[in-house]
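Atoms within a ligand are numbered from 1 in the order they appear, just like the ligands themselves. For clarity, every value in this text was computed on a predicted model and none was experimentally measured.
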Amino acid sequence: MIQYISTRNSEHKVRSAKAILDGQAPDGGLYIPENLDALKLDYHDVINSPSGAYDFRHMAKVVWNVFFPDYGKDAIDELVDKSYLNKFSKDEITPITKVGDYYVLELYHGPTAAFKDVALSALPNLLTKARELCDFSDETLILTATSGDTGSAALCGFSDVPGTRIIVFYPEGGVSETQKLQMVTAAGANTCAAAVRGNFDDAQTGVKSLFRSIPKPCEGVSLSSANSINIGRLVPQIVYYFAAYRQLLDMGAIKDGDKLDFTVPTGNFGDIMAGYFAMKMGLPVNKLICASNSNDVLTEFLQTGHYDRRRTFFKTTSPSMDILVSSNLERLLYYICGEENTRKYMQELSEKGEYQISSEELGLIREVFCGIASTDDEGSKSIGATYSEYHYLMDTHTAIAWACADKNEDKSGCPNVILSTASPYKFCRAVLAALGEEPEASDEANMNKCHELTGAEIPAGLAGIFGREIKHKDVIDCDEMKDYVVAKSEGRI
Ligand SMILES: *Cc1c(COP(=O)(O)O)cnc(C)c1O
C-alpha cells in the first residue's frame, strides 16, 4: 500500500488519509507518494469503463484508488459520486474541443467557473472521510491563500461541511472584481474571507508559516489546507489528463498509444504536477509545457536550472498565475534531486531567495518539462485572433497557454492539449479589451456586454453574484494573520 512521505524527511511516513488531514507535513515539506513506481498501471484500465462508454467518474475512481488505497474501494466509489454527480454543467466534466491546431481541455464547468472546482468538489469529501479514518475529533480549520480562484472554489466546496471551518486570504487589489465578489459574498456559516495587504506570495508564505507556528490555533481545532500543497487537492486533477486522452481517442484525433503534449497555464505548479503524476502512472505523454505570464520565474528555471524569486512582481491580467514561489515544484525536485538536495534548495530559497540545480538534474527535468512565457499583450492577441478565426472565446490564463504554445519552437508533432483553466466570464474586462471593445465600469456590465457580443453562455455560478450581500469585509496586514486565525477559531468563525 503506498505511503506518503515529506519532501524534506522521507523517514516521516503517513497513510494518505493522514496526509490529506494534515495538508502539509509538520517539517514544512509537502506530502508525496514515497515511490513513483508504485503508481504505475495500464492506462486502459483508467480510460475504459466497464460499459465501454466515456466515464469521468470511473476514471476518477481508478486514479483515487491508486493514491488513496487506505480509504477502501467502496468509500472511494461513494466519494467520487458525491464529488461529481450533478455538480458540473457538462456531462464530460472536463470536455475537450478542437480549436485551430490545438485541443482545448475546458476545466471550468464547475460551480465557480474555475478549474479549481475539479479538485475542490472532491477535497471536502476526502477530508471528511479522512477525519473518520484517522479517528480525529478536532474540528478542521482550512486555511487557504488564494491568487483568486482557489478562494471561491474552496469557500463553495467547504460551505457548511460538518466538522470544518474555512478562512481564505486573498491579496487586496490582486484579484478581479468578479473573483472578489465571489469570495466576499460566500455563503455558509463556517466560511470567512479576508483581504491581506500584500501579494499572493505574502499570503501563501503567511499561511504556510501558520501551519508550523499554530497547528492547533485553539483547543479542539486543527489546521489543514485547501491549497495544492494538500495532496488531496492534487490527485483529483490527475484524472482530467486521462479524460483528455480518452476524448481524443473517441474523436479519432489519436491512435491508442500515441503521445500527447499538454500546455498548462501555471502558477503554483499544481496543475502541471498532476500531469507529471498522470505520466508516471503510464499515460502516454510527450511533453508538459509550463506556460507562465510575465512572472516568468519557472521559465527561467526550466531553461537554466536557476530558481530566483528575487525579481519584480508583475500584476497581470492572468492573476491566478501571478506567483513567484511555486510550491509544488518542491514535489518534482524530490523525485528528481532526492531528499538531501531538495532540503538544501528549499533552505536556500527561503534564506537567499534563489537556488541552482545541477545540469544533470536540469537535464532530467527537461526530458519532460519545457518552460515558455508570454506577456499580457501576447495573451490578449491570442484571445482576439482565436475569437475572430474560430469564434472561440477563451480567458486570459488559457490565452497565456495558447500564446506559449504558438511560440514553442521545439514542436514535437504530437497533438497539443491546452488546459483551459477559467471561464472567460471571470475576466471580462481583459477579455473585452482583447476583442477591441471598450470595457464598462463594472464587471456586471462587462459580463453582459461579453454575452451580447459573443453569445457565449454566462456560467450559472457567476450570473447571480452581483447584488448579493457582502458578508466578508475584513482587510488585514500580513503580520496580523496569526492573531486573526486564533481569534476566528476561538469564536469558531
Ligand atoms: C490556479 C490557476 C492557475 C494555476 O494553476 P497552478 O496549479 O497553481 O499552477 C491557472 N489558471 C487559473 C485560472 C487558476 O485559477
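- With respect to the salt-bridge test (charged N to carboxylate O, under 4.0 angstrom), the residues Glu354 and Arg310 qualify.
- Not a single heavy atom of Ala114 sits less than 4.0 Å from an atom of ligand 1.
- Leu283 places none of its side-chain heavy atoms less than 4.5 Å from the side chain of Met279.
- Here the protein heavy atom with the shortest distance to atom 11 (N) of ligand 1 is Thr421 OG1, 2.8 Å.
- Residue-level proximity to ligand 1 for Phe115 is carried by the side chain, the only part with a heavy atom below 4.0 angstrom.
- Scanning the protein for heavy atoms near atom 10 (C) of ligand 1, the closest one is Pro265 O, 3.5 Å.
- At a threshold of 4.5 Å between non-hydrogen side-chain atoms, the residues Pro319 and Ser147 do not count as touching.
- With salt bridges taken as basic N to acidic carboxylate O contacts below 4.0 Å, none links Lys90 and Glu106.
- In summary, the atoms of ligand 1 found under 4.0 Å from a heavy atom of Lys116, numbered by their order in the structure, are 1 (C), 2 (C), 3 (C), 14 (C), 15 (O).
- Remark: ligand 1 atoms within the under-4.0 Å shell around heavy atoms of Gly270 are 6 (P), 7 (O), 9 (O).
- Remark: ligand 1 and Asp149 share an N or O pair separated by less than 3.5 Å (distance only, no angle test).
- Remark: ligand 1 and Asp271 share an N or O pair separated by less than 3.5 Å (distance only, no angle test).
- Protein heavy atom at the shortest distance from atom 9 (O) of ligand 1 is Gly267 N, 2.8 Å.
- For the pair Thr421/Asp271, a side-chain contact is recorded, criterion being any heavy-atom separation below 4.5 Å from C-beta on.
- Tyr102 and Trp402 have perpendicular rings, their planes meeting at more than 60° on a 0 to 90° scale where under 30° would count as parallel.
- Distances between N or O atoms of Phe269 and those of ligand 1 include at least one value under 3.5 Å.
- Heavy-atom minimum distance, Gly282 versus Tyr43: O-CD2, 3.4 Å.
- For ligand 1, the atoms lying closer than 4.0 Å to a non-hydrogen atom of Ala422 are 13 (C).
- The side-chain heavy atoms of Phe262 and Leu419, taken from C-beta on, include a pair separated by under 4.5 Å.
- Residue Thr266 approaches ligand 1 through these ligand atoms, each under 4.0 Å from one of its heavy atoms: 9 (O).
- Residues Lys208 and Ile229 have side chains in contact (heavy-atom distance under 4.5 Å, counting atoms from C-beta outward).
- If you check which protein heavy atom lies closest to atom 8 (O) of ligand 1, you get Asn268 N, 2.7 Å.
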